[in-house]
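Notes follow once the structure below has been shown.
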Amino acid sequence: MIVTIEHYLVLSAILFIIGAYGVIIRKNLVIVLMSLELMLNSANLAFVAFSKALGNMTGQVFMIMTLTVAAAEVAVGLALVVAIYTHRGTLDIDVLKMLKG
Amino acid sequence: MDLSELFKSTLLIGPEIALIITGIIVMVVDPLIKGERKRNLFWIALVGLAVGFILNLERFHNGTSAFSGALSLDGFAAYFNLIFIIGAFLATILSKDYIESMNLRIGEYYALIIFSTSGMMILSSAREFMSLFLGFEIMSVSVYVLSGFNRRSVRSAEAGIKYLVLGGFSSAILLYGIALIYGASGTIFLDEIAANFNASNPLYLAGTALILTGFIFKIGAFPLHQWVPDIYEGAPVTVTGFMSVGVKAAAFAILLRVLFEGFSGIEANWMQALWIVSAFTMTIGNLAAIVQTSIKRMLAYSSIAHAGYALVGVVASYGGKELGLSSVMYYLFAYMVMNLGAFGVLAYLSKDGKECETFDDISGIWRRKPLTAIALGIFMFSLAGIPPTIGFFAKYRVFLSAVKAEFFWLAIIGILNSVISAYYYLRVLVYAYMREESVVFPRFKPTSVVALTILTIGTLLLGILPLNSWDLAIKAAGSFLLTFGAK
């Protein structure tokens, strides 16, 4: 079977939807952060696939930039998760309900 | 692009570089000095912002582009940079006393405010998706940290993590949209995308929709506005003030740039979508603000409503109308002055690790602190759009541009919403002027008073005498339309 650009795009769309589903449904903060990474990486996959199909390097450069951004975001995310854990002793997302009006 | 052009471009982005260097200096110097002397970091931050401000003024006269057209350093970007830098400057002044009364760490706070401002400045001049995305994330990640900055408060940490998860979600949607547009057009430059735009290709339409979703989230407009009240309430109050004016203005800057430069091919479609978004944003923001019991949360809903008013101007600039564009820019400038003032009063009244946020915390302030009460009154009048404040003139210009562009219903919905909003803004004044005090107010704080005085005078005077603020907005809108040769 020849792997075409469509296969990559379908895979990236599926990964994106799994990631979005994880952010919305999962209850554990660390898993939510991982799902967020999955969403960003599915976009990266689309960039690389398009870059190969179009024969232009912009997409690959963009992908590397996105990786750095994702790393920064996850570092901040884990720091905030630690802050929540020291206050609450749990990572369950349901404890995040102090702010309501 | 050869090295000499790279060097020239680097010199052209002086204001951004000034801010980034200041941020790095603040971060490096912070661990080297101890105790009381850390307070001097405040002055480094102010000097850096002032240098950025002065360097930025140059862009009004001769706009250029840098990095092979990736950044457009025109009057449009310069006007928005003015909003960000003045906002950051005043927020920094207000923060000094607030940080001391809440006992927060000093160094990173100023550095993050400055880094976030530099991200906004890159965002406002981006004409290409990579700079756009990086500017967007430099701004957002700094603001996530600032929201969770008060580590002793569980509510601040909660606001930080919520902002990070939801903001990351919207960034991922934006990024996926950019990937689709890149795949369809083979380029990430806005002008080339506009030239290749083909509305019958589903990749373009899906990409456009995803990118707009990301921006609507950052603006805090309907239907993606639910995060705004939670995060604005939990974050430290000076940070809320800073992000409600800075992040919102930056998101509007890039929304205008992408819509008019990149997606002008399907103008009629996004105009209709934004018409609906704008009408719902104003109405929902105002109706929800009425029932709030916390002033901070009420101001959060009011900021949703103000995003709706500014969107009226975006819709009214449909077809590249100068009046609509300049009214949006002026509105965001006016919103910066008055909203930062309102949050500044709350920061001023916070003490000993407790923020001023409920109506009880401000009741009876007129008897004890009449000048603060007058400042609060002026900001509330301005937010409600009552003359002769800057808020009235900004709203007037937005609605006038809507009427001139023949969006009569949108203007009527906007005006009705302003009337509703007067109810909850004036309720703050009822508490401030007519009730007995129930808490002890903090002592006089000289630094914050300087910023509050500037903001009060600005709110009162700029409405009557706009000085250069309105002319510059018109000039900036003109330079923006010139860059892509619109009708």
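Reminder, nothing fancy here: chain letters follow the sequence lines and each chain counts from 1.
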What distance separates Ile14(A) CD1 from Leu38(A) CG, expressed to the nearest 0.5 Å?
11.5 Å

Find out whether Phe133(B) and Phe62(A) are in side-chain contact, i.e. whether some heavy atom of one side chain is under 4.5 Å from a heavy atom of the other.
yes

By a 4.5 Å heavy-atom criterion (distance strictly below it), what part of Ser156(B) contacts chain A: side chain, backbone, both, or neither?
neither

If we only count heavy atoms from C-beta on, is the Phe47(A) to Ile178(B) side-chain gap below 4.5 Å?
yes

Less than 6.0 angstrom separating the ring centers of Phe197(B) and Tyr204(B), yes or no?
yes

Which bit of Ala49(A) is near chain B, if near means a heavy-atom gap under 4.5 Å: side chain, backbone, both or neither?
neither

Crowded around Phe359(B) CZ? As in, over 12 foreign heavy atoms under 6.0 Å?
yes

Using a 4.5 angstrom heavy-atom cutoff, name the option from Val23(A), Leu9(A), Ile5(A) with the most pairs to chain B.
Val23(A)

Contacting region of Thr68(A) [heavy-atom separation from chain B under 4.5 Å]:
neither

Contacting moiety of Ala70(A), where chain B heavy atoms sit under 4.5 Å:
neither

Atom pair CG/CD of Leu78(A) and Glu73(A) - distance to nearest 0.5 Å
11.5 Å

Return yes if a side-chain donor-acceptor contact under 3.5 Å exists between Tyr182(B) and Asn56(A), otherwise no.
yes

Go through Tyr425(B) and Ser302(B) one step at a time and tell me if the side chain to side chain donor-acceptor pair (under 3.5 Å) criterion holds.
CA-CA 9 Å; Tyr425(B) 290 124; Ser302(B) 109; 3.0 Å; yes

Within the 4.5 Å heavy-atom criterion, are Glu357(B) and Arg297(B) side-chain neighbours or not?
no

Most contact-rich option vs chain A, by heavy-atom pairs under 4.5 angstrom, among Ile173(B), Val291(B), Leu166(B), is Ile173(B)

Which portion of Leu40(A) sits near chain B, non-hydrogen atoms under 4.5 angstrom
both

So which pairs with a foot in residues 9-23 of chain A pass side-chain hydrogen bond (donor to acceptor under 3.5 Å, both in side chains), sequence neighbours left out?
Ser12(A)-Tyr176(B)

Below 4.5 Å, heavy-atom pairs only: which of Ala83(A), Gly55(A), Ala79(A), Ser51(A) has the largest tally toward chain B?
Ser51(A)

Which atoms of Ile181(B) approach chain A - backbone, side chain, both or neither, heavy atom under 4.5 Å:
neither

Between Ser42(A) and chain B, with a heavy-atom cut-off of 4.5 Å, which part of the residue counts as in contact: side chain, backbone, both or neither?
both

Would you sort out whether Leu132(B) and Arg127(B) count as a side chain to side chain contact (heavy atoms under 4.5 Å, CB included), showing the intermediate values?
CA-CA 7 Å; Leu132(B) 185 160; Arg127(B) 283 183 74 197; over 6 Å; no

May I ask you to list the residues in residues 24-34 of chain A that approach chain B closer than 4.5 angstrom, counting heavy atoms only, ordered by number?
Ile24(A), Leu29(A), Val32(A), Leu33(A)

